[in-house]
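The shown structure was predicted, so the numbers you read here are calculated from the model rather than taken from an experiment. Residue numbers begin at 1 in each chain, while the letters A, B, ... track the order of the sequences.
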Amino acid sequence: MGNWDPLIAAIVERGVAEIFPGGAAALAERLARTDRPLRIKLGIDPTRPDLHLGHSVVLRKLRQFQDAGHVAILLIGDFTALVGDPTGQSEARPRLTPAEVEENARTYLDQAGQILDFDTPGRLELRRNSEWLAGLTLTEIIELQAQMTLGQMLAKEDFAQRYQAGTPVYLHEFLYPLLQGYDSVVLQADVELGGTDQRFNLLTGRDLQLWKGQPPQFCLTVPLLEGLDGYQKMSKSKNNYVGLTEDPLTMYSKLEKVPDHLVERYFELLTQVPLAELPENPRERQVLLAKTIVTQFHSAAVAEAAQRAAQSLVLQGIPQETGSIPEFSLAQLQYPAKLSYILRESGLCKSAADARRQIQGGAVRLDGQKIEDPEIEFLSSEQLEGKILQVGKKFFRRLVRMAD
RNA sequence: GGGUCGAUGCCCGAGGGGUUAAAGGGGGCGGACUGUAAAUCCGCUGGCUUACGCCUACGUUGGUUCAAAUCCAACUCGGCCCA
């Protein structure tokens, strides 16, 4: 392709699934020629409380646009979250309450702030689509719906699959692409970003902009990041994710285990490390990946510490960097305290019965020493203070006495 | 509106009056192994810190039975077909 400005090249070349119309060259040209900052739209529905690395791919892309001088329009889909985007779901989403949406929106902004430039004036426009969607009249909704046919809707993969599989497809779900497209009209987006699963919705935006006499937006899709299981899309519900707010040790521990066949992809989508410079040794690659990403979200020093903690954890079974282990206050327990009870209260196990099973399975250690007796109990916090309670190889609690 | 089939644990899915906390698979967790992981093998996979005990569970409600996920009725929700 062309010899583009490095900022533009970064935008159109790395971490891109598809750009349309016209591909990377067309967008690059548009970016190079513009005499004003372009309006780059990214919509996120606050349907869950936490963002993960999968979301960060598109957020990073949006950040690149900011760095090149354009306006990031971060659209919180507080209204569309109530509709439920059927995209990528094999079934209709549960409807959320407005309170849940509001709560999620707040945490999203905190997390997005780790990646986007919230500070430089003029680089960020924060909007909520309830601003205009909540007030649509039935007449306007009907007009919107008149822009698309059933056949066009059924061209959307998810709808077609579900329809053929005999799973229910509700009519309100048809509204979703139209509403998302209408957002582009209102925001006068020049470019809209999204995952590849957003293709249909992004295109709907172009159709509706044309209908309203606007120049249609460019659409840039980013690949969907596979999760830690190595195959399925990263998602919280599949528990194959790395959360943006996770503590450094957890983040590091997860990332140093990314399956070999995905390591390069993670580098490509989640870092700026030149792919040609990756180490040969697969283990070194994983380590570099984990350190690079933890550094991005925290700092180089923290990443180093996490690495040391993770290493000593493997070698000796106990993290030396005790500062990176979550603490658990013994003051909130009632004594005598069964170990299974402590395990549950501390969040290491989901129930006392589960804790008992973990003990029987040989997974539980106290200060590195394996506990065999599921009935073991402690008479006071003194027996436990300062010790490290461990389940399996990954989960730790440092027992402390402070009351809080 | 009518007909018909269906609703089971995180998911899929067996079971069709008692021995069913409910087969099997997936997923998850743990153990062994390894460069972490993957693959493989093994174990666990409702809850209760008081446990040869109690509680909750097969769409909902009610009924028949000594006894129901299993039978009956109504209802709710879905698929398909007819209008």
Side-chain angles (χ1 to χ4, degrees), chain A residues 89-92 94-95 159 161-171 173 226-242 249-266 279-291 293-294 306-317 319 328 330 332-365 370-381 383-384 389-396:
Chain A
Q89 306 285 314
S90 53
E91 56 194 79
R95 312 277 293 275
F159 288 147
Q161 279 175 357
R162 283 162 55 196
Y163 186 65
Q164 276 162 19
T167 51
V169 177
Y170 292 86
L171 292 184
E173 298 181 58
E226 291 85 350
L228 299 173
D229 62 301
Y231 298 98
Q232 294 184 286
K233 173 182 156 187
M234 183 175 284
S235 100
K236 183 150 193 185
S237 56
K238 297 197 182 91
N239 195 29
N240 62 355
Y241 70 100
V242 180
L249 177 57
T250 303
M251 195 179 253
Y252 183 93
S253 304
K254 288 183 176 181
L255 287 168
E256 70 163 354
K257 291 177 186 138
V258 170
D260 288 345
H261 73 273
L262 275 184
V263 170
E264 182 163 337
R265 187 164 174 82
Y266 272 48
E280 286 290 318
N281 181 298
R283 187 73 188 125
E284 284 175 38
R285 287 183 173 219
Q286 288 174 317
V287 168
L288 179 63
L289 177 71
K291 280 176 75 173
I293 293 178
V294 174
Q307 182 185 22
R308 280 196 303 276
Q311 264 172 2
S312 60
L313 185 160
V314 169
L315 296 177
Q316 298 167 30
F328 174 70
L330 293 164
Q332 55 196 283
L333 299 177
Q334 291 173 350
Y335 298 89
K338 283 206 163 190
L339 186 58
S340 54
Y341 158 67
I342 300 172
L343 285 164
R344 194 227 311 144
E345 291 300 313
S346 65
L348 285 169
C349 294
K350 61 178 195 281
S351 67
D354 179 47
R356 179 181 304 253
R357 284 182 222 114
Q358 294 287 15
I359 294 170
Q360 280 165 345
V364 176
R365 289 166 187 269
K370 187 186 285 188
I371 305 292
E372 317 261 3
D373 176 13
E375 302 301 329
I376 190 169
E377 66 179 12
F378 300 92
L379 298 176
S380 74
S381 60
Q383 293 172 278
L384 296 165
L389 187 59
Q390 167 184 8
V391 175
K393 298 186 176 90
K394 286 180 263 181
F395 303 103
F396 300 88

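- Rounded to whole Å, the separation between the C1' atoms of B/C71 and B/U65 comes to 9 Å.
- B/G31 atom P lies 13 Å from atom CD of A/Glu372, rounded to whole Å.
- Note: CZ (A/Arg283) to P (B/A37) measures 8 Å, nearest angstrom.
- Distance check on atom C1': B/C52 versus B/C58 gives 27 Å, rounded to whole Å.
- Counting to the nearest Å, the C1' atom of B/A38 and the CD atom of A/Glu226 are 16 Å from each other.
- Counting only distance, with no hydrogens or angles, the side chain of A/Arg285 and the backbone of A/Pro279 share a donor-acceptor pair below 3.5 Å.
- When rounded to the nearest whole Å, the span between CG of A/Leu255 and P of B/G35 equals 22 Å.
- A/Tyr231 has its side chain out of reach of A/Glu226: every pair of non-hydrogen atoms, C-beta onward, lies at least 4.5 Å apart.
- Side chain to side chain, A/Arg357 and A/Gln360 fail the donor-acceptor criterion of an N or O pair below 3.5 Å.
- In terms of position on RNA chain B, the residue among A/Val258 and A/Gly362 whose nearest nucleotide sits closer to the 5' end is A/Gly362.
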Per-nucleotide protein contact along nucleotides 46-59 of chain B, 5' to 3', at a 4.0 Å heavy-atom cut-off (B base, S sugar-phosphate only, - neither), is -SSBSB--------
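- We find that CG of A/Asn239 is positioned 15 Å from C1' of B/U45, with the value rounded to whole Å.
- Here the separation of B/A38 from B/U49, taken at their C1' atoms, is 38 Å to the nearest Å.
- A/Val287 has its side chain within reach of A/Gln307: a pair of non-hydrogen atoms, C-beta onward, lies under 4.5 Å apart.
- For the P atom pair drawn from B/U70 and B/G6, the interatomic distance equals 14 Å after rounding to whole Å.
- Residue contacts shown for A/Gln358 are limited to sugar-phosphate atoms, with no base heavy atom under 4.0 Å away.
- Among the heavy atoms of the strands, none lies under 4.0 Å from A/Asp229.
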Please, what dot-bracket string fits RNA chain B when only Watson-Crick and G-U pairs with both distances under 3.5 Å count, crossing ones use [ ] and pairs to another strand use |?
((((((((.[[[..)..(.....]]]((((((.......))))))(((....)))...[[[[[..)....]]]]]))))))).
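- Protein atom CD of A/Gln164 is 15 Å distant from nucleotide atom C1' of B/G79, rounded to whole Å.
- In this structure, A/Tyr170 reaches the B/G78 phosphate: one of its side-chain N or O atoms is under 4.0 Å from OP1 or OP2.
- Judged by distance alone, the side chain of A/Arg283 and the main-chain N or O of A/Glu256 form a donor-acceptor pair under 3.5 Å.
- Here A/Lys393 reaches the OP1 or OP2 of B/G31: one of its side-chain N or O atoms lies under 4.0 Å away.
- Taking atom P in both B/A37 and B/A32, the straight-line distance is 10 Å, to the nearest Å.
- Judged by distance alone, the side chain of A/Gln286 and the main-chain N or O of A/Val258 form a donor-acceptor pair under 3.5 Å.
- A donor-acceptor contact under 3.5 angstrom links the side-chain atoms of A/Gln286 to the base of B/U36.
- Heavy-atom contacts from other residues, nucleotides or ligands closer than 6.0 Å to OH of A/Tyr163 number 12 or fewer.
- Atom CG of A/Asp260 and atom C1' of B/U34 are 12 Å apart (whole Å).
- Applying the side chain to side chain contact (heavy atoms under 4.5 Å, CB included) test to A/Leu379 and every residue at least two apart in sequence or in another chain returns A/Pro336, A/Gln383.
- Checked by atom type and distance alone, the side chain of A/Ser340 never pairs as donor or acceptor with a backbone atom of A/Ala355 at under 3.5 Å.
- Rounded to a whole angstrom, the distance from the C1' atom of B/A51 to that of B/A21 is 15 Å.
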List the steps, then state whether side-chain contact (heavy atoms from CB on, under 4.5 Å) holds for A/Leu348 with A/Phe328.
CA-CA 10 Å; A/Leu348 285 169; A/Phe328 174 70; over 6 Å; no
Applying side-chain contact (heavy atoms from CB on, under 4.5 Å), run through A/Ile342 and A/Glu345 and close with a yes or a no.
CA-CA 5 Å; A/Ile342 300 172; A/Glu345 291 300 313; 5.8 Å; no
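- As rounded to the nearest Å, B/C66 and B/G30 have C1' atoms that lie 43 Å from one another.
- For the pair A/Asn240 CG and B/C10 C1', the interatomic distance rounds to 15 Å; values are reported in whole Å.
- A gap of 7 Å separates the C1' atoms of B/A57 and B/G46, to the nearest Å.
- Between B/U36, B/G79, B/C77, one nucleotide has an atom nearer to the side chain of A/Pro168 than all others, and that is B/G79.
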